[in-house]
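The block underneath contains the structure these notes are about, expressed in structure tokens.
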2 protein chains.
Amino acid sequence: MGTTKTEHFTEKQNELALLAKALGHPARIAILDYLSTVDTCICGDIVKELPLAQPTVSQHLKELKNAGLIKGTIEGNSICYCIDETALQHLNTYIAHISEGISKRKTCC
Amino acid sequence: MGTTKTEHFTEKQNELALLAKALGHPARIAILDYLSTVDTCICGDIVKELPLAQPTVSQHLKELKNAGLIKGTIEGNSICYCIDETALQHLNTYIAHISEGISKRKTCC
DNA sequence: TTTTTATATCGTAATATTGCAATATAGAAA
DNA sequence: TTTCTATATTGCAATATTACGATATAAAAA
């Protein structure tokens with residue numbers, strides 16, 4: 001065990017879970033926070049900003065990239081990372097969908 | 001290691017990460033999906049709905065409850081679970097905040 | 001070319017998560 | 001009370017995540 005039984009759930013449920021999972025670490029939230037406040041977005045700046053070693057930050061960046069939450073473009077020697085809003089909008093749409101669903105039911109608890 | 005270094009991040013970052021983490025499993029997304037479509041919300045129905053054993057579902061429900069995403073009320077013999085929208089709204093607010101931050105910067109990548 | 005600078009990957013230890021059988025608990029029904 | 005029904009908890013095996021030192025890679029600078 002320790003393995004999520006993804007095969008039993010819908011593709012959408014799995015996708016949303018992966019997206020949320022990528023947001024489920026304070027370092028990754030901190031990275032998004034930082035990226036949303038700066039004009040330039042060089043990887044090295046993120047490493048300096050976070051209280052974690054460079055390989056650890058690199059790993060978190062990879063996970064955010066895998067989830068589609070950020071994208072990176074090579075800029076000479078270094079890499080420019082920035083937020084891809086599309087993925088975030090998916091989450092927002094989902095939450096809105098759930099809220100709408102609830103508003104159509106009787107409140108039970 | 002294996003332990004998240006929460007002490008280095010802000011309270012808000014940690015809270016949001018915990019919230020997102022709770023959403024970061026397809027079974028828990030499936031539970032929210034289900035709760036948003038039914039009027040009654042008896043725990044047993046959720047167990048029947050999900051392709052997981054009862055103890056596993058119970059564990060997922062506990063995590064959703066810990067994150068404040070659902071609440072449960074005792075209803076005689078059984079328990080009535082339902083979504084608490086407040087937590088979901090926190091996530092939505094955060095995403096909106098990030099989006100707003102981005103729109104104020106020059107697009108870089 | 002050699003060296004520096006920036007980032008990624010590998011390997012690994014510590015810890016967390018997932019899933020379930022077995023069992024506990026507690027209210028309802030008999 | 002005894003039994004049934006609904007849910008939670010315990011214990012454990014399998015796997016995943018987090019963090020980082022050491023190392024690789026690759027472009028820039030010297």
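Residue numbers start from 1 in every chain, and the chains themselves are labelled A, B, ... in the order their sequence lines are given, proteins ahead of strands.
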(message) As a test of reading the structure: which of D/dT18, C/dA8, D/dT9 is closest to the side chain of B/P55, going by heavy atoms?
(response) D/dT9
(request) Can you measure from CG (B/L16) to CD (B/E11) and round to the nearest 0.5 angstrom? (result) 11.0 Å
(request) Return the value, rounded to whole Å, for the distance between atom CG of A/L18 and atom P of C/dT18. (result) 12 Å
(message) Could you tell me how far apart B/M1 (CE) and D/dT18 (C1') are, to the nearest whole angstrom?
(response) 9 Å
(request) Check every strand shown and say whether B/E75 touches a base, only sugar-phosphate, or nothing at a heavy-atom separation below 4.0 Å. (result) nothing
(message) Would you say A/K5 places a side-chain N or O within less than 4.0 Å of OP1 or OP2 belonging to C/dC20?
(response) yes
(request) Give a yes/no on whether any side-chain N or O of A/H25 is located under 4.0 angstrom from OP1 or OP2 of D/dA19. (result) yes
(message) Between P on D/dT18 and CG on B/N14, what's the gap in Å once rounded to a whole number?
(response) 13 Å
(message) Students often mix this up, so state it plainly: with edges at 30° and 60°, are the rings of A/H25 and B/F9 parallel, tilted or perpendicular?
(response) perpendicular
(request) Give a yes or no answer on whether the side chain of A/T93 reaches the backbone of A/Q89 with a donor-acceptor pair at less than 3.5 Å. (result) yes
(request) Answer yes or no: does a side-chain N or O of A/Y81 lie under 4.0 Å from OP1 or OP2 of C/dA8? (result) yes
(message) I need the CG-C1' distance between A/N77 and C/dT4, as an integer number of Å.
(response) 9 Å
(request) Would you check if there is a donor-acceptor pair between the side chains of A/Y94 and B/D33 at a distance under 3.5 Å? (result) yes
(message) What contact category does A/I74 fall into here, base, sugar-phosphate, or nothing, at under 4.0 angstrom with non-hydrogen atoms?
(response) nothing
(message) In whole Å, I'd like the distance from the CD1 atom of A/I70 to the P atom of C/dA8.
(response) 9 Å
(message) Check whether B/R28 reaches the backbone of B/A22 with its side chain - one donor and one acceptor, N or O, closer than 3.5 Å.
(response) yes
(request) Check the distance between C/dT7's C1' and A/I31's CD1 and give it to me in whole angstrom. (result) 14 Å
(request) Please test B/L69 against B/L88 for side chain to side chain contact (heavy atoms under 4.5 Å, CB included), starting from the C-alpha separation and ending with a verdict. (result) CA-CA 7 Å; B/L69 283 161; B/L88 282 177; 3.8 Å; yes
(message) Would you say A/T56 places a side-chain N or O within less than 4.0 Å of OP1 or OP2 belonging to D/dC20?
(response) yes
(message) Side-chain N or O of A/S58 versus OP1/OP2 of C/dA8: is the shortest distance under 4.0 Å?
(response) yes
(message) Go nucleotide by nucleotide along DNA chain D from the 5' end; which of A/P51 and A/T4 gets its closest nucleotide reached first?
(response) A/T4
(message) Distance check needed: C/dA16 P versus B/Q59 CD, whole Å only.
(response) 14 Å
(message) Measure NZ/B/K62 against C1'/D/dA6 and give the value in whole Å, please.
(response) 17 Å
(request) Go through the N and O atoms of the side chain of A/Q54 and the base of C/dA8, and report whether any donor-acceptor pair is under 3.5 Å. (result) yes
(request) Return no unless some side-chain N or O of A/K21 is found under 4.0 Å from OP1 or OP2 of D/dT17. (result) yes
(message) Both A/T6 and B/T3 contact DNA chain C. Which one's nearest nucleotide lies toward the 5' end?
(response) B/T3
(message) Is there a side-chain contact between A/H60 and the phosphate of D/dT17, meaning an N or O under 4.0 Å from OP1 or OP2?
(response) no
